[in-house]
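Per chain, numbering begins at 1; letters A, B, ... match sequence-line order. These figures come from a predicted structure and were not determined experimentally.
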Amino acid sequence: MQKGLYKYILLIQRWFGGAGFSFADDPVTETLSQAIRGTGEELDREPDTGVLFGSLRGSVVGLRYYTGVVNKGEMVSLVRQPQNPYDRNAVMVANVYGSQVGHIKRELAVLLANIMDNNLARVEGVVPFGVTNQFTMSVVLSFWGREENRDAVVRQITSRSFKLQSGPTGTHTHTHTLTQLKNAFDNLFENLMDDKIGEREAVEAVCTPLLPHQKQALSWMCACENNAALPHFWEVKGELFYNTLTHSSVRERPRRVRGGILADDMGLGKTLTTIALILSNFHHGKPLCEPVSNLKQFACNTRLCMQNWVVCVCLGGAVLEDLDFAAALSGLTQGAPQKKSKSLVSPVEAASSQSTDDPAARATLIICPLSVLSNWLDQLDQHVRADVKLNVYLYYGSERNRDTHFLSSQHMVLTTYNVLSADYSVSGGASPLHTVRWLRVVLDEGHIIRNPNTQQSKAVLKLNTQRRWILTGTPIQNNLRDLWMLVAFLRLKPFDVREWWNRVIQRPVTQGDKTGLQNLQALVKCVTLRRTKTSRVCGRPLVSLPERSVRIEEVELTQKEREEYELARTEGRTTISRYVAEGTVLRNYADVLAILVRLRQFCCHPGLLGKTTTHTGVVAVTPAELRERLIMKLRLVLGTGSDEECAVCLDSVRLPVITHCAHVYCRPCIAEVIRSEQEQARCPLCRGQIKASELVEFPLEEEEEEESNLLENWRSSSKVEALMSSLLRLRSEDDSIRSLVVSQFTRFLTILEIPLREEGFKFVRLDGTMSQKRRAQVIQEFQSDAPGSPLIMLLSLKAGGVGINLSAASRVFLMDPAWNPAAEDQCVDRCHRLGQKRDVVITKFIVKGSVEENMVKIQRQKQDLVEKAFGTKNPSERKTSRVDEIRALMEL
DNA sequence: ACCGCCGGGTGCC
DNA sequence: ACCGCCGGGTGCC
């Protein structure tokens, strides 16, 4: 009897207390999934760098004590339970939803505990046969980790007389898949347009007529919020819902995503569409509020400054109680588009979506960067009918109203990521914004939260809301990891838990697995709408842009310039032809580059030639000299804006370092190569030996004294003259036309300042060295139509990255050809974009009979290649074509 | 028999 | 668990 009682107590402990769980009111499963989330974060941070050591068969025991169910082939997670009172080595097995299935058998648990606790490997489980009896089942465990830990793991396993089945040993075709991956990535968000999307008119409260693509977006967004349909990777199997990616099933209908990612290009009207959504889709497709003509014009006049806005809106909230809100709730509002499309929503779906509605949730929270806060206010003012009473509260500034009832009773609350996360950290998670039950949270410029470790991201994840939206023009910036946070915010089950994202998506994709990529594409597609300015709706362009035309202006050098140029050219040809004959072009890449840069500089202006172009080919003696030379080369490669790409990541070089063989890479990229290959590490470009200790960084000091020298001994050049005469002609014809003057050489921009000043042009300058804040100022100044604002912007080719808007300019002068034609296109796109009213004319200055002409030829070839084959070339092919390029440039 | 064998009770960590 | 293990009952052929 006593024994029986004791067992009963034990059972209770096992259920609730035994694994360190508490009697807190959370359901056990929730606690478990939190436990899962909490573990393995260190290794999960780099899930894509692991290799498979092998796998072994083990067993899961104690099934009958737990409710977690699994299917044949289902993935399970393994969670250490160091606090387990029966065995400190305990390893719990849980299914995809975090429900416990059982434990790993004791003897095996000792091994796993050792491996897991020492971070030697990540252990992943799959149940090959599912549940075959009520007591135990098989599990296949696979071990993933860093190559350097392989031995230790194998030793651990064999010493405990388990047998490690070697996994597929395919030493991954890493570099090859990288190129493919990059292409797949670039296309990940393309072609997401679904022709089946209907159009939906905005409610009357929106006074701006929507463009067709905006009506589509509105229709899509409403459907995302109201349709109960599950993503296609769920299948209904009898009573159960089956996930075809993880092979898991649940009895309860998975909580679907009510929202998504609106990833339209900048300028397509994401803000307007979102405003229309907020007004149109309150509870279950009903509108939020409609024009109320008998109410006196309410203070929606936002042509006041922000401060006034706050005041007037606060007033509104207090004075007028929420008539429209009540009307909307009781369905009395007229003018709403009464659902003709009712048949689209099945009764079951309708019921299930209604049951999840929280009637207390009514406000939409908009979170955006401070810089676009005023844009929201402007757009509300512009697009919402003045007689519509909309309670909008700007939750910003030290006097902000933190009362949660007040906030809950708004229609919209606007705030910034900074305010949100500051509140969050101060209040320890119980901030006013975290207490309100929101109807909808919208993250504007949502890519801001792509790093899950930031306070902002954590704060955003903790918001309590029914519906979730991410607005962004750049859904992926450079890493697949960036996407996880978006998925997590949307709560796209089960991938909001890092392990399943890593196992099903991230690792397969980064290791070049085809189905992984398909799964990713499918996943993205089911929550994303993206159109670019070149997308088409029903065969017609989304928006029509003014024409753009390119003309090449040939520049003749003066006799003196020609002589200097030819001298340098002959010298360079001798050196390079020697390298070509020796087959050492790549080994001497920096020298070759220096020669080419020098020639290109001659084409622009002799003043561009710094002291850095001397003594090529001289063997350095002392380490200090070598270092000095390497830094000079690095400066050449980078400072001239030749837009080098890193041969490891194939992206523009970030955090540049130069190897002793004078090749430039991103520091993290090359460090990874050295780390994984250890002593055998070789330069990916020339296969020369490389060491971590020999990587040279760019020193931060910059020489300024030369600048003055440049100005004192001023002389012009043919290209400068060509530009100046174009600009002067333009000004005399139409002094309202603004121009971008673009060069890869920032020094050239400095040189150009002199004649511009002399001729009395007002200009601004934007280059890569400027702070983010200063850039924004300059752009604003240039874009402003105030009298006396600058006519010209001097722009360095690489400055600003994508996304900046220079639509005030309609003329572009490309002073020197770029290696990469895409860089030029991108630059031109900064003014040839939405908002451009005039036709855009692009002038490329090319010096006749020079290296520049050859560069243009190569550019054309590259363009052809891209158009033909989408350019899936691996680095070795790239190398050969690079040599060919150099030979073509030097006419060798 | 300080064994073997039988068969019931029992069962994660 | 249609197992293994434990421990009590039992005991020539």
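In this structure A:Ser431 satisfies the side-chain hydrogen bond (donor to acceptor under 3.5 Å, both in side chains) test together with A:His434, sequence neighbours excluded.
Across the protein-nucleic acid pair, A:Leu112 atom CG and B:dC13 atom P stand 13 Å apart, rounded to whole Å. Atom CD of A:Gln134 is separated from atom C1' of C:dA1 by 8 Å (rounded to the nearest Å). For A:Gln81 and B:dC12, the CD to C1' distance is 11 Å, given to the nearest whole Å. Protein atom CG of A:Asn89 is 17 Å distant from nucleotide atom P of B:dC12, rounded to whole Å. Here the P atom of nucleotide B:dC13 and the CD1 atom of A:Ile104 are 10 Å apart, to the nearest Å. As a whole-Å value, the separation of A:Glu107 CD from C:dC5 C1' is 13 Å. If you measure from atom CZ of A:Arg106 to atom P of C:dC5, you get 15 Å, rounded to the nearest angstrom. Between the C1' atom of B:dC12 and the CG atom of A:Asn133 lies a distance of 13 Å, rounded to the nearest Å.
Stacking of A:Tyr86 onto the six-membered ring of B:dC12 is not present when judged by under 5.5 angstrom between centres and under 30° between planes. Here A:Phe135 does not count as stacked on B:dG11, because the ring centres are not under 5.5 angstrom apart with planes under 30°.
Nucleotides C:dC5 and B:dT10 have their C1' atoms positioned 9 Å apart, rounded to a whole Å. Taking atom C1' on both B:dC6 and B:dA1, the two are 15 Å apart, rounded to the nearest angstrom. Taking the C1' atom of each, B:dC2 and C:dC13 are spaced 25 Å apart, rounded to whole Å.
When Watson-Crick and G-U wobble pairs are counted only if both distances are under 3.5 Å, C:dG9 pairs with B:dC5.
Between atom CD of residue A:Gln100 and atom OG of residue A:Ser77 there is a gap of 10.0 Å, rounded to the nearest 0.5 Å.
Side-chain atoms of A:Asp87 and base atoms of B:dC13 include no donor and acceptor less than 3.5 Å apart. Between the side chain of A:Tyr66 and the base of B:dC12, a donor-acceptor pair under 3.5 Å is found.
Although no hydrogens or angles enter the test, the distance criterion places no donor-acceptor pair under 3.5 Å between the side chain of A:Trp234 and the main chain of A:Ala229.
At most 12 non-hydrogen atoms from other residues, nucleotides or ligands lie less than 6.0 angstrom from CZ of A:Arg88.
Residue pairs meeting the ring pair (Phe, Tyr, Trp, His ring centres under 6.0 Å) criterion with at least one member in residues 238-261 of chain A: none, sequence neighbours excluded.
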